[in-house]
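Have a look at the structure below, then the notes.
Note on naming: letters A, B, ... go to the chains in the order of the sequence lines (proteins, then strands), and numbering restarts at 1 for each one.
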Amino acid sequence: MTEQKQFRAIKGTRDIQPPDSTLWNWFEQSARDVFESYNFREIRLPIFEETSLFARSVGGETDIVSKEMYSFPDRSTSSDATADAGDLISLRPEATASTMRAYIEHGMHALPGNVKLYYMGPMFRRERPQKGRYRQFYQIGAEVLGQSDAPAIDAEVIEMLMTFFSRVGLIRTTLYINSIGDKNCRPQYVELLRAELRKVKDQLGADSQRRIETNPLRVLDSKIPQEQEIIAKLPKISEHSCDACREHFAKLKEELKLRGVSYQENWRLVRGLDYYTRTTFEVIAEGLGSQNAVCGGGRYDGLVELLGGPPTKGIGFAIGTDRAILSIQESGNLPKLPGLDVFVAWLGLEAYPTAVGLTKKLREAGLSVELPGEEMKFKKSLNLADKLGARYALIIGSDEVATGRFTLKRLADADQKKLSEYELLEYLESERRGTRG
RNA sequence: GUGAGCGUAGCUCAGCUGGUAGAGCAUCGGUCUGUGGCACCGAGGGUCGCGGGUUCAAACCCCGUCGCUCACCCCA
């Protein structure tokens, strides 16, 4: 009866705790900085939407909708007692559909120029977790919507993405690009591919055999070694795409070169969802498990229309935050992030009021300051300052209170000096500007 | 949904052919009431994931169960 249940985070969810949370904040802030420099602006979206929104955009037949979404009937908003269940709603498995919905709902097609949005936050998938794949996972995404499908837009989006990765030290990456055709040429190619696959069906594994009917493009990125030789001989979409798609892809490559973005063409790069057209891309990184893609994206020119909006061109990507950060951590290429600036080592109760007052001023100046709430032995307090990783110990004892000159000790090299309150604030503020750029 | 591996202290792990639980690190205290990192001494912390079985005796063997991890499927 006194047995207490041990609560734990639900399978596939996790706590991002300090110091990792500091890294996460820095990562997300870096995205904001880079994206806003490309004139993207943030859109904050709901965590859940009507299930049918996802079903329509992602495709009702896919596993995503049929079994991998967290869906539940909303409580009815009507007072009708018989109407127990309201609409079916789902935790978002991705945010592109929500962004499209918002674009349509708020008439953003009437805004001047291209609409450039970014978002970040948690997404949900009901799946067995594995390395770099969680049930609550985080994405940072960006979308460009408007009337133009100029390859320069695709290139700018990709350039922005790679600039961001470079900014956060995610450098050992590979960018793959491909063009998977549009609604004119892709269906023909898919049928051709399916026909070719049927000829070699008995040489393929069970999974690939099934995919011949469900999604033949997916056979192309099969990882099974025995299938690689067969796949290499299959018809390539680049040889069967229409002139318009071919030209679009050629221009994209020119644009990427113009912008100094290095890439690898990968004719086997396909996307699982129907709504993608023409440009697709993916970035893989090191230090991850078999789920090594840190970003996926592509063009989706028909999607807004499919959701009931005006004919609109679109392109976007989503970064897997969990994986990107994992890869940075594995690489050891971590930034020096600000921590505790000052530990106030006060001694003697008569020094306490002064310590409290000074601490407040230091905090107002933007410094991170730790003030012990009870008297400690001096040695212990310096020891704690060290363990907490403070850069400075501010020593306040009876001498300091009497003279009004405080002892500031730099813990890294034990250098210490006596400073008046004014000098102290001046020194710490300028020092901070210097080290934090 | 499928498969494999693993569950011993906060963390990393040891624990022999079964004899009833240990180390390092971390935490807290002391040596040490005006100068941290070091050293030494000490303390707390475990129904060995849980339940059953075999046995005089189970962390160890058997069965079940739960959890974690990785991979497959799928891919947003």
Closest to the [X] side chain: [options]?
X        : options             : value
A:Thr407 : B:C74, B:G34, B:C28 : B:G34
A:Glu400 : B:C28, B:C70, B:G34 : B:G34
A:Lys377 : B:U33, B:C73, B:G34 : B:U33
A:Pro129 : B:C73, B:U69, B:G34 : B:U69
A:Tyr276 : B:C72, B:G36, B:A76 : B:A76
A:Leu347 : B:G37, B:G34, B:A76 : B:G34
A:Gln416 : B:G34, B:C73, B:U35 : B:U35
A:Arg128 : B:C75, B:G1, B:G36  : B:G1
A:Ser398 : B:G36, B:G34, B:A71 : B:G34

Before accepting this row, confirm whether a basic side-chain N of the pair [X]/[Y] lies closer than 4.0 Å to the acidic partner's carboxylate O.
X        : Y        : result
A:Arg133 : A:Asp322 : no
A:Asp154 : A:Arg299 : yes
A:Arg410 : A:Glu431 : no
A:Glu429 : A:Arg432 : no
A:Glu36  : A:Arg32  : no

With heavy atoms under 4.0 Å as the rule, sort [X] into base, sugar-phosphate or nothing.
X        : answer
A:Glu282 : nothing
A:Ala393 : nothing
A:Arg125 : base
A:Arg133 : base
A:Arg14  : nothing
A:Arg210 : sugar-phosphate
A:Leu384 : nothing
A:Lys380 : sugar-phosphate
A:Ala390 : nothing
A:Glu127 : base
A:Ser381 : nothing
A:Gly289 : sugar-phosphate

5'-most contact on RNA chain B (nearest-nucleotide basis), A:Ala9 vs A:Phe378, goes to A:Phe378
ask   = On RNA chain B, nearest-nucleotide positions of A:Lys223 versus A:Tyr275: which is more 5'?
value =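 Result of the comparison: A:Lys223.
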Would you tell me if any nitrogen or oxygen in the side chain of [X] comes within less than 4.0 Å of OP1 or OP2 on [N]?
X        : N     : answer
A:Lys409 : B:G36 : no
A:Arg271 : B:A76 : yes
A:Arg92  : B:A76 : no
A:Gln130 : B:C70 : no

Testing the 3.5 Å rule here: is there a donor-acceptor pair between the side chains of [X] and [Y]?
X        : Y        : value
A:Tyr38  : A:Glu159 : yes
A:Glu265 : A:Tyr176 : no
A:Glu227 : A:Ser222 : yes

>> With a 3.5 Å distance limit and no angle check, can you tell me whether A:Asn114 reaches the backbone of A:Lys116 through a side-chain donor-acceptor pair?
In response: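 Side chain of A:Asn114 to backbone of A:Lys116: no pair is present.
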* **Aromatic centroids of A:Phe164 and A:Phe27 separated by under 6.0 Å** =>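 Under 6.0 Å, so yes.
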Original post:
Within 45° of the axis and under 6.0 Å from the centre of the six-membered ring of A:Phe137, does NZ or CZ of A:Arg125 qualify?
Top reply: yes
*Name every residue in residues 299-319 of chain A that has at least one heavy atom under 4.0 Å from any atom of RNA chain B, in order of residue number, or write none if there are no such residues.*
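Going residue by residue through residues 299-319 of chain A, none turns out to have a heavy atom under 4.0 Å of RNA chain B.
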B:A14 and B:G46, which share atom name C1', separated by this distance in whole Å: 15 Å
Item checked: P gap between B:C16 and B:G49, integer Å ->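 Result for the P pair: 14 Å, nearest Å.
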Read 5' to 3' with Watson-Crick or G-U pairs under 3.5 Å, [ ] for crossing pairs and | for partners on another strand, RNA chain B gives (((((((..((((.....[..)))).(((((.......))))).....(((((..]....))))))))))))....
